[in-house]
2 protein chains.
Amino acid sequence: MEAVRGKRSDAMRNEQKLLAAAAEMFLEAGVDAPIREIAARAGVGTGTIYRNFPTRADLVIAVYKVQVEACAEAGPSLLAARESAFEALEEWVDLFVDFLVTKHGLAHAMQSDMSGFEALHAYFLERLVPVCGDLLTAATKADEVVSDIKPLELMRGIGNLCITREGDPTYNPRHLVDLLLRGLQAH
Amino acid sequence: MEAVRGKRSDAMRNEQKLLAAAAEMFLEAGVDAPIREIAARAGVGTGTIYRNFPTRADLVIAVYKVQVEACAEAGPSLLAARESAFEALEEWVDLFVDFLVTKHGLAHAMQSDMSGFEALHAYFLERLVPVCGDLLTAATKADEVVSDIKPLELMRGIGNLCITREGDPTYNPRHLVDLLLRGLQAH
DNA sequence: TGAGAAGCGGGACGTTGTTCCACTTACGAT
DNA sequence: ATCGTAAGTGGAACAACGTCCCGCTTCTCA
């Protein structure tokens, strides 16, 4: 038995930089953003991407996981940091919309591996529905939201609003999501 | 007023060869089949494709129209040529499944132009639902089909069975469509 | 501090989309 | 039948991208 040597620290840093850069690029240019540009933004070579994430799907999945986690953790901390629960909800939804770009791209990137996709989807629901629920409950208790919409229902609605062909300038998901949220408020 | 000179005969021939080759390639390799290969199969240069069909969507649309028409015309003639109405239905559905590959690819190829896509979809329904209806009616009258399924319902069912990520070897739409048709039969 | 392993960058190559133009061919006038 | 011409053609050339690979750099541990 040989003890496995841990990952080198610079390698770990590169992986983080890569994930951050990929997340940005996905937002700006979709999940089909050129490998070269992602590498350039992260300040690494293309070889480094291929070593860490052999296929595009691997990279998308990794970003997906990071974002699910970030989204899940952001819920409680926003709730604690903001005066208004509704404001926290708004900011959280904004993060959630960012994340949906990756999520929708995921299906496209995982053309084969359907079972893997469903596993990730289950993870996503399990992790985020309660977070959204807490935000909604808090906002409702503060009388900032009157609708008794269920968390999953809201998330699905937002998700559907974000289904769009990339590069269509006549459709702005974020605007519609904003309108939806305003609809939740007491007037 | 200048009289417009008609299209040259060799140009017309090339357009036909191109449409036939493209239809084959779409079936074998999906609507993203390389331009070069389509051109090679048709025995023309890539330039010829770009002159006739400036964008990939143009080519897909042209193939789509040809196939809707072929499918529509095949209905009555199969009904006349075959002994059994059910057999005619089976063969027609087989053509229909071929066509669906192009149809589903169409949505992908027309990422922008959604209104144009819906126009084509309306044309498709208008033209094919009655044809499918005639085949169903004939098979029902011959007591070869017992279900009273509506044409549109059947076509939607088949269409949904054919939704699959290309290159997934674990899912064979044709097999499932076959099972569906068997379900229509009296036993 | 030095040797060896781990990791890195980016050059090189293959594939595909797209443009362009010198050459070929069909058509209509004569 | 012949010929001038516009329409049409093929494929070379270029650009953008994914992918592989290897000489060099950097970290780690003793």
Side-chain angles (χ1 to χ4, degrees), chain A residues 1-22 25-26 28-63 105-106 108-113 166-167, chain B residues 1-22 24-26 28-63 105-106 108-112 166-167:
Chain A
M1 275 297 174
E2 187 70 33
V4 275
R5 198 197 294 222
K7 210 170 193 178
R8 264 169 50 171
S9 59
D10 59 336
M12 288 185 188
R13 261 199 311 279
N14 274 329
E15 195 175 317
Q16 294 309 311
K17 282 194 293 181
L18 221 33
L19 285 174
M25 285 299 302
F26 290 171
E28 291 174 22
V31 288
D32 287 329
I35 300 287
R36 283 197 220 307
E37 284 186 36
I38 298 173
R41 179 174 302 219
V44 305
T46 55
T48 302
I49 290 191
Y50 280 98
R51 193 169 328 96
N52 286 290
F53 311 102
T55 71
R56 186 178 288 273
D58 292 327
L59 178 57
V60 177
I61 289 169
V63 171
L106 187 62
H108 185 247
M110 292 183 71
Q111 294 188 179
S112 34
D113 195 6
E166 63 174 316
Chain B
M1 274 296 175
E2 185 71 30
V4 275
R5 201 200 287 227
K7 209 170 191 174
R8 266 168 51 169
S9 59
D10 59 337
M12 287 186 188
R13 262 198 312 278
N14 274 330
E15 195 175 317
Q16 294 309 309
K17 283 194 293 181
L18 221 34
L19 285 174
E24 284 178 33
M25 285 300 301
F26 289 170
E28 290 173 24
V31 290
D32 287 328
I35 300 286
R36 282 195 222 304
E37 285 186 36
I38 298 174
R41 178 173 300 217
V44 304
T46 54
T48 301
I49 291 192
Y50 280 98
R51 195 169 326 93
N52 285 291
F53 310 102
T55 72
R56 185 177 289 271
D58 292 327
L59 178 57
V60 177
I61 289 170
V63 171
L106 187 62
H108 184 247
M110 291 183 71
Q111 295 187 179
S112 34
E166 62 175 316

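As the structure is a computational prediction, the values presented were derived from the model and not from experiment. Every chain is numbered from 1 and lettered A, B, ... according to where its sequence line falls, protein lines coming before strand lines.
Distance A:D32 CG to D:dA16 P: 17 Å, rounded to the nearest Å. Rounded to an integer number of Å, the gap from A:N52 CG to D:dT19 C1' is 16 Å. Rounded to whole Å, atom C1' of D:dA15 lies 16 Å from atom CD1 of B:I35. Atom OH in B:Y50 sits roughly 16 Å away from atom P in D:dG11 (whole-Å rounding). The CD1-P distance, from B:I49 to C:dG17, rounds to 10 Å in whole Å. If you take CG of A:L59 and C1' of D:dT19, they are 15 Å apart, rounded to a whole angstrom. The nearest whole Å value for the distance from the CZ atom in A:R13 to the C1' atom in D:dT26 is 10 Å. Note: CD1 (B:I38) to C1' (C:dT18) measures 14 Å, nearest angstrom.
Looking at heavy-atom distances under 4.0 Å, A:R56 makes contact with sugar-phosphate atoms alone, never a base.
Judged by distance alone, with hydrogens and angles left aside, B:R8 brings a side-chain donor or acceptor within reach of the base of C:dT25, the pair sitting under 3.5 Å.
Here the closest heavy-atom approach between residue A:A62 and residue A:L19 is recorded as CB-CD2, 3.6 Å.
Of the side-chain N and O atoms in A:T48, one or more sit less than 4.0 angstrom from OP1 or OP2 of C:dG9. One finds a side-chain N or O of B:S9 lying less than 4.0 angstrom from the OP1 or OP2 phosphate oxygen of C:dC27. A close approach under 4.0 Å does occur between a side-chain nitrogen or oxygen of B:N14 and OP1 or OP2 of D:dT9. Applying the 4.0 Å criterion to OP1 and OP2 of D:dT9, one finds that B:R51 has a side-chain N or O inside that range.
The distance from the CZ atom of B:R13 to the CG atom of B:L18 is 14.0 Å, given to the nearest 0.5 Å. In this structure, CG on B:D32 lies 5.5 Å from CZ on B:R56, to the nearest 0.5 angstrom.
Across D:dG8, C:dG7, C:dG9, the shortest atom-to-atom separation from the side chain of A:V44 is found for C:dG9. For A:A11, taking side-chain heavy atoms from C-beta onward, the closest of the listed nucleotides D:dG8, C:dC8, D:dT19 is C:dC8.
Both A:R36 and A:G47 sit near DNA chain D, but only A:R36 has its closest nucleotide nearer the 5' end. Where B:T46 and A:E15 meet DNA chain C, the nucleotide closest to each residue was compared, and A:E15 sits on the side nearer the 5' end. Comparing B:P54 and B:D10 along DNA chain C, the residue whose closest nucleotide (by nearest heavy atom) sits nearer the 5' end is B:P54.
A salt bridge links A:R41 to A:E28: at least one charged side-chain nitrogen sits closer than 4.0 Å to a carboxylate oxygen.
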Got a list of side-chain donor-acceptor pairs under 3.5 Å for residues 42-53 of chain B, not counting sequence neighbours?
unit_1: B:N52; atom_1: ND2; unit_2: B:T48; atom_2: O; d: 2.9

